[in-house]
2 protein chains.
Amino acid sequence: MSDFEPGRRQRKKQATRDDLMDHAARLFDERGFDAVTTTDIAEAADVSQRTFFRHFSSKEAVLYGHADVLRRRLLDEFANRPDQESVVDSVIAAVRAMGGYYETHHDETFLQARLAADFPAVAAYARAYVQNDWEHELTAAIAARMGIDPLADPRPEILASAAFAAYRAAVRRWSAGGGRAAFGELLDESLAALATFPG
Amino acid sequence: MSDFEPGRRQRKKQATRDDLMDHAARLFDERGFDAVTTTDIAEAADVSQRTFFRHFSSKEAVLYGHADVLRRRLLDEFANRPDQESVVDSVIAAVRAMGGYYETHHDETFLQARLAADFPAVAAYARAYVQNDWEHELTAAIAARMGIDPLADPRPEILASAAFAAYRAAVRRWSAGGGRAAFGELLDESLAALATFPG
DNA sequence: TTGACTTATGTCAGTGACTGACATAAACTC
DNA sequence: GAGTTTATGTCAGTCACTGACATAAGTCAA
């Protein structure tokens with residue numbers, strides 16, 4: 001039950017989840033988002049549609065099944081920044097660390113970007129659920145670091161929101177360029193604008 | 001066909017739309033968002049469900065049927081700011097002008113805030129469609145004012161995003177206080193943090 | 001006024017995302 | 001090996017949303 005011994009049951013559950021994500025990505029890539037049904041994905045992974053919805057709360061969610069990995073990178077990096085560093089620089093470093101995922105998972109992230117550009121429902125999900133969650137968590141971390149209440153003081157939310165605006169700008173440029181540019185460099189350029197805001 | 005003579009057809013269409021929005025607001029207020037179906041709303045307005053979807057693209061959309069009014073206020077105010085004013089101050093003034101809607105339409109906007117707090121689907125729609133649209137338009141206006149390309153330079157998007165983060169913070173505080181505080185003052189306080197960012 | 005047209009709406013049938021309830025077999029525990 | 005937990009299958013259902021076609025009201029020109 002620890003991290004070292006997931007047990008057969010947990011391993012099978014994880015395998016089913018991974019299967020669903022892999023087949024969903026393949027089908028979305030081949031046909032686009034709208035032309036794939038949740039039943040298609042379930043059948044490709046050889047499970048029932050009901051099982052699909054036990055693993056993912058929506059058709060969009062299966063496309064962002066690794067969002068918690070990115071969130072963890074974001075928060076871990078932020079937490080590990082030195083205390084004497086400015087909060088803005090810590091935020092930049094945290095988002096930058098999260099962006100490293102794009103370099104090691106090029107096809108997965110580029111598919112997300114492409115589908116978000118082509119299908120409004122995908123973009124809406126990414127914005128309203130995935131990024132919103134990241135932003136909310138980062139806001140809480142910033143507020144804790146600053147020693148203030150994020151419900152009373154808008155600054156943590158503003159900073160987190162600005163950081164993800166820079167992140168989105170980088171994704172857009174990267175996606176528009178066919179995913180050929182080095183994402184990390186685009187992200188660095190975008191995030192640099194944070195330090196000189198509102199420059 | 002001009003603004004002065006909408007014609008009977010246009011007037012009836014607008015009346016149907018207004019009816020749908022009014023009955024939807026009443027039903028949502030009484031029962032909550034999930035417990036009201038689009039058929040309920042249509043029947044309350046004495047039209048078919050198909051007509052509902054000819055006026056609104058989703059069940060969420062009917063709750064934000066006045067979003068284009070707020071967008072127009074935002075963009076008009078921004079366009080009318082003096083050229084010598086700093087862009088940040090113009091953005092603050094534009095969002096502040098938009099926020100004036102809350103003071104003249106208290107019940108409508110408070111219902112939106114309450115439902116967004118209680119129903120994730122409402123919050124997601126507000127974030128991914130309504131605010132995203134405003135943010136996108138404001139980004140374009142900022143970029144035009146700065147004379148730069150918003151696809152190449154992330155600063156307009158960052159500024160617009162930061163402004164709406166301040167806006168959301170104000171709405172949250174207002175909503176948490178039961179809508180009794182003066183929204184304009186809360187918004188002023190939030191927006192002040194923009195000028196001193198990242199202070 | 002009449003006749004041609006445009007368009008807002010109704011009706012109908014369908015698709016597909018998502019959910020609750022119940023049963024089962026595998027995995028886990030002792 | 002017995003008892004418990006849980007991931008999955010099956011089934012039936014709700015509801016948001018859409019395309020196709022018909023109709024009646026509104027519009028406009030002769």
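Letters A, B, ... are given to chains in the order of the sequence lines, protein chains preceding strands, and every chain is numbered from 1.
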For atom CD of Q10(A) and atom P of dT5(D), their distance in whole Å: 16 Å
Ionic contact status for D89(A) with R81(A), cut-off 4.0 Å: no
List the atom pairs, with distances to 0.1 Å, where a side-chain N or O of residues 183-199 of chain A and a protein N or O form a donor-acceptor pair under 3.5 Å, not counting sequence neighbours.
residue: D188(A); atom: OD1; partner: R96(A); partner atom: NE; Å: 2.7
residue: D188(A); atom: OD2; partner: R96(A); partner atom: NE; Å: 3.3
residue: E189(A); atom: OE1; partner: R173(A); partner atom: NH1; Å: 3.1
residue: S190(A); atom: OG; partner: A166(A); partner atom: O; Å: 3.2
residue: T196(A); atom: OG1; partner: A193(A); partner atom: O; Å: 3.4

E43(B) side chain near Q49(B) side chain, heavy-atom distance below 4.5 Å: no
Any N/O donor-acceptor pair, R9(A) side-chain to dT5(D) base, under 3.5 Å: yes
Candidate pair R127(A) and N132(B), rule side chain to side chain donor-acceptor pair (under 3.5 Å), full reasoning: CA-CA 9 Å; R127(A) 183 83 192 249; N132(B) 194 55; 2.2 Å; yes
Residues touching DNA chain C, which here means a heavy atom under 4.0 Å, drawn from residues 11-39 of chain A: K12(A), V36(A), T37(A), T38(A)
Estimated bend of the helix from dT1(C)-dA30(D) to dC30(C)-dG1(D) (axis per five terminal pairs, rounded to 10 degrees): 30°
For S175(B), side-chain hydrogen bond (donor to acceptor under 3.5 Å, both in side chains) partners two or more places apart: none
Pairs touching residues 161-170 of chain B that satisfy salt bridge (charged side-chain N to carboxylate O under 4.0 Å, His left out), sequence neighbours left out: E135(A)-R168(B), E157(A)-R168(B)
side-chain contact (heavy atoms from CB on, under 4.5 Å) involving S48(B) - partner list, sequence neighbours excluded: R50(B), T51(B)
Minimum-distance pair of heavy atoms, taken over all atoms of S58(B) and Y125(B): OG-CE1, 3.8 Å
DNA chain C contacts among residues 114-127 of chain A, heavy-atom distance under 4.0 Å: none
With sequence neighbours excluded, residues passing side-chain hydrogen bond (donor to acceptor under 3.5 Å, both in side chains) with T37(A): D40(A)
Which residues share a side-chain contact (heavy atoms from CB on, under 4.5 Å) with H106(A), sequence neighbours left out: F110(A), W174(A)
Residue mapping more 5' on DNA chain D - nearest nucleotide basis, R8(B) or F56(B): F56(B)
Qualifying residues under side-chain hydrogen bond (donor to acceptor under 3.5 Å, both in side chains), relative to H66(A), sequence neighbours excluded: Y101(A), E108(A)
Residues within residues 41-55 of chain A bordering DNA chain C, heavy-atom distance below 4.0 Å: Q49(A), R50(A), F53(A), R54(A)
Charged N-O contact under 4.0 Å between E30(B) and R26(B): yes
Set of residues satisfying salt bridge (Lys or Arg N to Asp or Glu O under 4.0 Å) with respect to D133(A), sequence neighbours excluded: R71(A)
